[in-house]
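Inspection log for the structure reproduced underneath, given as structure tokens.
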Amino acid sequence: MIRTLVATTFLAGIVLFVFGCKRAATDNLAATVNGRSITYGDLDKQYQAQFVSSAERPSDDQMMIQKLEVLRTLVDNEIMLQRAEKLGLMATDGDVESRFAELKAPYTQEEFQKQLAARKMSTEDMKAQLKRDLSITKLFNKEITSHISISDKDVSDFYNSNKSSFNFPEPQVHLAQILVTPAPDPNVRNLKNDKAQSDEQARKKIEMLVARVRQGEDFAMLAQNFSEDPSSATNGGDLGFVPESALDKANPEIRKAIQTVSSGQVTPVVKTSEGYRVFKIYSKEPAGQRELTDPRVQQNIRETLVNRKDQLLRAAYYEVARDEAKVTNFLADSIAQTQGKK
């Protein structure tokens with residue numbers, strides 16, 4: 001009897017130990033993706049980098065919404081990273097060091113450390129992020145971009161369907177923009193779900209983006225990832241052709257910035273009541289009909305069609321990847337359970 005009681009007590013202790021360890025192990029998990037962990041430490045670090053410098057503290061509900069958005073991005077990145085790993089497309093240490101050196105080159109050591117501090121990142125954090133970003137870029141290039149083919153017929157069909165849009169009754173400027181606003185807005189959507197929360201954070205963010213553009217990064221991709229203009233971010237910041245008369249009515253600082261740079265260049269940062277803007281001037285066109293034989297017309301059409309197809313295929317790729325992944329969102333589960341008890 002005593003032996004049975006001891007054995008039962010010992011067994012109960014093992015059960016409690018196992019379940020206690022399991023609970024303790026899951027307490028720090030914000031989510032898992034195919035069994036790989038995203039910890040609350042990972043989530044908090046990314047959340048702090050994006051939101052913590054806000055001048056106004058959000059309500060508890062707003063904070064949880066923001067954390068869910070950040071976690072969704074971390075989950076998506078992990079899904080894509082695992083796909084890149086499976087296909088042997090991970091960035092090498094050499095790729096990372098080369099990109100890191102490019103980003104660091106324009107700054108002194110002190111200035112670069114300030115840039116990292118503003119983003120609440122260490123050198124190791126930045127290199128880890130670069131490895132993820134470069135690996136995902138390699139994945140998209142192989143799985144999406146390499147499969148996009150625009151034929152001459154596609155170009156001519158687009159031109160014939162939109163011929164009037166290539167007839168300019170007055171001089172026009174084809175431009176794109178990146179907008180960063182200081183006001184918290186949960187409706188802002190970009191690929192990185194990245195939102196400045198204060199004027200200081202907005203200024204630092206636009207300076208970081210301009211530096212990346214001047215270092216050779218694609219303006220349209222940066223706009224998709226980081227611009228806070230809901231009407232143009234998904235389109236790579238493209239505002240299309242803006243007539244000269246519309247520029248005459250624009251903010252004087254915007255007009256001056258656009259008029260003083262040449263085609264292919266990027267304007268200085270312009271501060272307006274909405275926030276901070278930077279524009280890329282794709283071309284400045286005189287009045288008149290543009291013919292399909294014009295190489296610039298063909299290039300513009302091809303870029304438009306490639307961007308459209310790329311956005312469509314990328315959105316579909318994300319959805320298929322999410323469907324195929326085994327994701328457990330512990331943060332969302334805990335919020336749902338807490339609300340259910342109220």
Side-chain angles (χ1 to χ4, degrees), residues 80 83-84 87 89 133-178 190-191 212-227 229-247 258 261-267 278-321:
M80 295 303 148
R83 287 202 159 208
L87 293 170
L89 297 171
D133 291 347
L134 290 170
S135 299
I136 293 171
T137 296
K138 290 176 73 171
L139 173 71
F140 286 156
N141 286 340
K142 182 179 186 299
E143 295 285 273
I144 297 173
T145 308
S146 64
H147 297 288
I148 297 175
S149 177
I150 305 299
S151 67
D152 291 342
K153 185 177 184 302
D154 294 330
V155 174
S156 61
D157 287 347
F158 182 91
Y159 177 82
N160 291 328
S161 298
N162 300 275
K163 190 171 182 178
S164 61
S165 66
F166 294 96
N167 184 15
F168 303 151
E170 59 178 301
Q172 303 205 22
V173 181
H174 181 199
L175 68 155
Q177 75 163 348
I178 294 174
N190 49 48
L191 291 182
R212 292 174 67 171
V213 169
R214 300 198 189 286
Q215 289 156 12
E217 291 195 48
D218 183 64
F219 188 95
M221 184 55 65
L222 288 171
Q224 282 185 333
N225 284 331
F226 298 105
S227 180
D229 177 23
S231 61
S232 69
T234 56
N235 213 28
D238 198 333
L239 299 175
F241 288 90
V242 179
E244 195 174 70
S245 57
L247 280 179
I258 292 172
V261 299
S262 303
S263 297
Q265 294 184 331
V266 175
T267 68
V278 62
F279 298 90
K280 177 166 184 178
I281 312 303
Y282 286 115
S283 64
K284 293 185 175 183
E285 304 289 344
Q289 177 70 47
R290 299 297 178 274
E291 299 299 333
L292 181 57
T293 53
D294 186 334
R296 294 175 302 170
V297 171
Q298 294 187 31
Q299 180 182 0
N300 175 262
I301 293 174
R302 285 187 185 278
E303 288 176 353
T304 298
L305 294 177
V306 167
N307 286 337
R308 286 183 181 180
K309 186 67 72 174
D310 184 77
Q311 290 170 37
L312 172 62
L313 293 177
R314 191 170 298 204
Y317 192 83
Y318 267 109
E319 292 302 323
V320 170

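Everything numeric in this text was worked out from a predicted model, so none of it was measured. Index from 1, following the sequence. We use all heavy atoms of the structure for the numbers below, so side chains are in, but hydrogens, waters and symmetry mates are not.
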Discussion item. Atom NZ of residue position K138 - does it have more than 12 heavy atoms of other residues, nucleotides or ligands inside 6.0 Å?
Written reply: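 More than 12 within 6.0 Å, yes.
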Shortest non-hydrogen separation from [X] to [Y] and the atoms involved:
X	Y	value
F219	V278	CZ-O, 3.7 Å
S227	Q177	OG-O, 4.2 Å
V261	K284	O-NZ, 2.7 Å
E170	Q172	O-CG, 3.2 Å

Can I get a per-line list of side-chain donor-acceptor pairs under 3.5 Å for residues 301-308, giving both atom names and the distance, sequence neighbours left out?
residue: R302; atom: NH1; partner: I150; partner atom: O; Å: 2.8
residue: R302; atom: NH2; partner: D152; partner atom: OD1; Å: 2.5
residue: E303; atom: OE2; partner: Q299; partner atom: NE2; Å: 3.1
residue: T304; atom: OG1; partner: N300; partner atom: O; Å: 2.9
residue: N307; atom: ND2; partner: E303; partner atom: O; Å: 3.2

Fill in: CA sep, side-chain torsions, deciding dist, call: N167, S164, side chain to side chain donor-acceptor pair (under 3.5 Å)
CA-CA 5 Å; N167 184 15; S164 61; over 6 Å; no
Discussion item. Using a 6.0 Å distance limit plus a 45 degree cone around the ring axis, check whether R290 lies over the aromatic ring of F241.
Written reply: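 Judged by the rule, R290 and F241 form no cation-pi pair.
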Taking the side chain as every heavy atom from C-beta outward, state whether [X] and [Y] have any pair of such atoms under 4.5 Å apart.
X	Y	value
R296	S283	no
V213	K280	no
L139	Y317	yes
R212	F226	yes
L292	V155	yes
M80	Y318	yes

Could you go through residues 233-240 and list every donor-acceptor pair under 3.5 Å that involves a side-chain atom there, pairing it with any protein atom two or more places apart or in another chain?
residue: D238; atom: OD1; partner: H174; partner atom: NE2; Å: 3.1
residue: D238; atom: OD1; partner: G240; partner atom: N; Å: 2.7
residue: D238; atom: OD2; partner: H174; partner atom: NE2; Å: 3.3

Just verifying a value: how many Å separate [X] [atom1] and [Y] [atom2], rounded to the nearest 0.5 Å?
X	Y	atom1	atom2	result
I144	K142	CD1	NZ	11.5 Å
E291	Y159	CD	OH	4.0 Å
E244	E285	CD	CD	12.5 Å
T137	L89	OG1	CG	11.0 Å

Discussion item. Given 3.5 Å as the limit, does a donor-acceptor pair link the side chain of T267 with the main chain of I258, or not?
Written reply: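 Checked: no pair found.
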Fill in: N162 side-chain N/O to S165 backbone N/O, donor-acceptor pair under 3.5 Å
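Such a contact is absent between N162 side chain and S165 backbone.
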